[in-house]
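All remarks here apply to the structure that follows.
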2 protein chains.
Amino acid sequence: MGNRFTDKLQRFHDLGDDGAAALVAATSRPRKFAPKRDLIREGDRPGPVFVMLDGWAVRYKILPNGLRQVLAYLMPGDCCDLHVGLLAEMDHSIQTITRADVATIDRIEMDVILDHHRGVAKAMYLAQLVDEGTMRAWITSMGRRSSIERVAHLMCELYIRARAIGLTTEMSFELPLSQLLLADSLGMTPVHLNRVLRELRRTGAMTLKRGSLLIEQPDLLVQIAGFDENYLHRRLRRAA
Amino acid sequence: MGNRFTDKLQRFHDLGDDGAAALVAATSRPRKFAPKRDLIREGDRPGPVFVMLDGWAVRYKILPNGLRQVLAYLMPGDCCDLHVGLLAEMDHSIQTITRADVATIDRIEMDVILDHHRGVAKAMYLAQLVDEGTMRAWITSMGRRSSIERVAHLMCELYIRARAIGLTTEMSFELPLSQLLLADSLGMTPVHLNRVLRELRRTGAMTLKRGSLLIEQPDLLVQIAGFDENYLHRRLRRAA
DNA sequence: CGGTGGTTTGACTACTTTCAACTTGGGTGG
DNA sequence: CCACCCAAGTTGAAAGTAGTCAAACCACCG
């Protein structure tokens, strides 16, 4: 009865039948986007809330010198900040990676839903807290993890997130990310990333090839990454 | 009639007399902390919302190997996530840097205030969006700026934030951050940070010395940093 | 007046980028 | 169906950046 968006939120907090229905209705007219299409750009005035019903996207920034930094991945079910409409302008851009189905929820409608369905509001606040935790984990990776640890850590994160929404099969999953994109996510050059991937393959921990990741030794990968999934807050507060 | 917390929020959105009064009342019993005291640690169950009425604090994470990464600075008037109470456990720690006056707002009380004073809710959402924008800027710095650009960028940010709350005098301000702390913020070693600071001094852009920053050539510093303050969202949306 | 934490410096090492060339995999148009 | 093309991936060598280790220095505090 739901879609990937409500399925994700439902795992955070009970939306209630009417809450879920309201969200489904609000996202019932998704638009299809080709790969590498900007949904919104830095400097634009924020519009509606974007909801990824299918496909992947990235948040990113371009520096004056043309370098790009990826800030976050949006996977099916993810959405952007619910209150983003309060801002005068975007401080980053959002672009599709793959073909994608993207719904938009008007700011007013979003407010109405949040006001009338406390379960939806709680679930969305939790989703936002997880996104923030993820940003903190990225800052930590960039600042204090070696390049091999950083790569391993991101792969662990993406695997856990993909698994949570049913995109994994055994120890592998579709990962539609080019090495260029990964390099821009991890603050390294594509050349160096390529060498790090080779090293991870050599250790037997994982193999990334065009479009999919195979995790051969999960324990080893987790150990290399120093991965602790607490920041994804999959353990929820009881009696919230 | 307000305090540093309400003053800050008021700049984002009109709190209304009763909204401001409610916040002042809620933060009227601050507790004093010595420097380097943890307010809460990673793994702890989140409690009330912390509000910095005076003094500085940092959010940080410690890695398994003992390395520390600073995630954000909390300056007077700043507070931590309003919905943090929804989480089962903290994904990072918060520690005072200086002596500090910290108020706490109980989760229930916070919810009541947000429900009854829409202006307060809007202002706090905006504050949170700015904090998120700041995290994105940090990720960008760590990933794609050189060390000298990174240092310059952080100094620009801290100056702008300090100025917004009236802590600056001309082109200098009190900056109670050790080089060790700055190094842990910028993902570099204290030794290297020290050399970068020397280089910035040499160019004549700025001089950091024990406890205060003097910006000698603002234009040069901004240029070195590639600083664009849009992410601090000081330009607000009209008719919000 | 000696500690203690913080800052500064030098020499050496390790890691990462740069640059440039070459390979591969898919898709497209003839 | 195949030749071509382009984006993406891979590799080597040289250069540059940042980390490590160790010691000295400094300022403030008790």
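Letters A, B, ... mirror the listed sequences (proteins, then strands); counts begin at 1. Owing to the predicted nature of the structure, the values given are computational and were not obtained by experimental measurement.
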Subject >> Nucleotide range of DNA chain D lying under 4.0 Å from chain A heavy atoms >> reply: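 Extent of the interface on DNA chain D: D:dA8 to D:dA13.
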- Dump the intermediate steps for side-chain contact (heavy atoms from CB on, under 4.5 Å) on B:Thr104 and B:Val49, then the final yes or no. CA-CA 5 Å; B:Thr104 55; B:Val49 174; over 6 Å; no
query: Which of these, A:Val196, A:Val151, A:Val70, A:Leu177, sits in a side chain to side chain contact (heavy atoms under 4.5 Å, CB included) with A:Leu182?
result: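 The passing option is A:Leu177.
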Q) Nearest-Å distance, CE (B:Met188) to C1' (C:dT16)? A)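 Rounding to the nearest Å, CE of B:Met188 and C1' of C:dT16 are 16 Å apart.
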Expressed in angstrom and rounded to an integer, what is the separation of B:Met142 atom CE from C:dT16 atom P?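 For the pair B:Met142 CE and C:dT16 P, the rounded distance is 14 Å.
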Practice item. Test B:Met90 against B:Val84 for side-chain contact (heavy atoms from CB on, under 4.5 Å), laying out the working first. Key: CA-CA 8 Å; B:Met90 291 292 290; B:Val84 75; 3.9 Å; yes
Report the residues that fulfil side chain to side chain contact (heavy atoms under 4.5 Å, CB included) with [X], sequence neighbours left out, ordered by chain and then residue number.
{"X": "A:Ala225", "result": "A:Ala152, A:His153, A:Cys156, A:Phe227"}
{"X": "B:Ile165", "result": "B:Arg11, B:Met75, B:Pro76, B:Leu167"}
{"X": "B:Glu132", "result": "A:Asp81, A:Gln128, A:Glu132, A:Met135, B:Gln128, B:Leu129, B:Met135, B:Arg136"}

task: For A:Gly211, answer base if it contacts any base atom (sugar-phosphate contacts may also be present), sugar-phosphate if it contacts only those atoms, and nothing otherwise; contact means non-hydrogen atoms under 4.0 Å.
output: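 Here A:Gly211 touches no strand at all.
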* Asked: Below 4.0 angstrom from OP1 or OP2 of C:dT16, is there any side-chain N or O of A:Ser147?
  ->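 For C:dT16, OP1/OP2 do have a side-chain N/O of A:Ser147 under 4.0 Å.
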Notebook entry, point to check: Are the side chain of A:Arg68 and the backbone of A:Asp184 linked by a donor-acceptor contact shorter than 3.5 Å?
Noted result: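 Such a contact is absent between A:Arg68 side chain and A:Asp184 backbone.
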* Asked: Which residue pairs satisfy the ring pair (Phe, Tyr, Trp, His ring centres under 6.0 Å) criterion with at least one member in residues 164-222 of chain B, sequence neighbours excluded?
  ->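 Those involving residues 164-222 of chain B are B:Tyr159-B:Phe173.
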Dump every N/O contact between nucleotides 5-9 of chain C and the protein below 3.5 Å, one line per pair.
from	atom 1	to	atom 2	distance (Å)
C:dG6	OP1	B:Lys36	NZ	2.9
C:dT7	OP1	B:Gln179	N	3.4
C:dT7	OP2	B:Gln179	N	2.7
C:dT8	OP2	B:Gln179	OE1	3.4
C:dT8	OP2	B:Gln179	NE2	2.5
C:dT8	OP2	B:Asn194	ND2	2.4
C:dT8	O5'	B:Asn194	ND2	3.1
C:dT9	OP2	B:Arg198	NE	3.1
C:dT9	OP2	B:Arg198	NH2	3.1

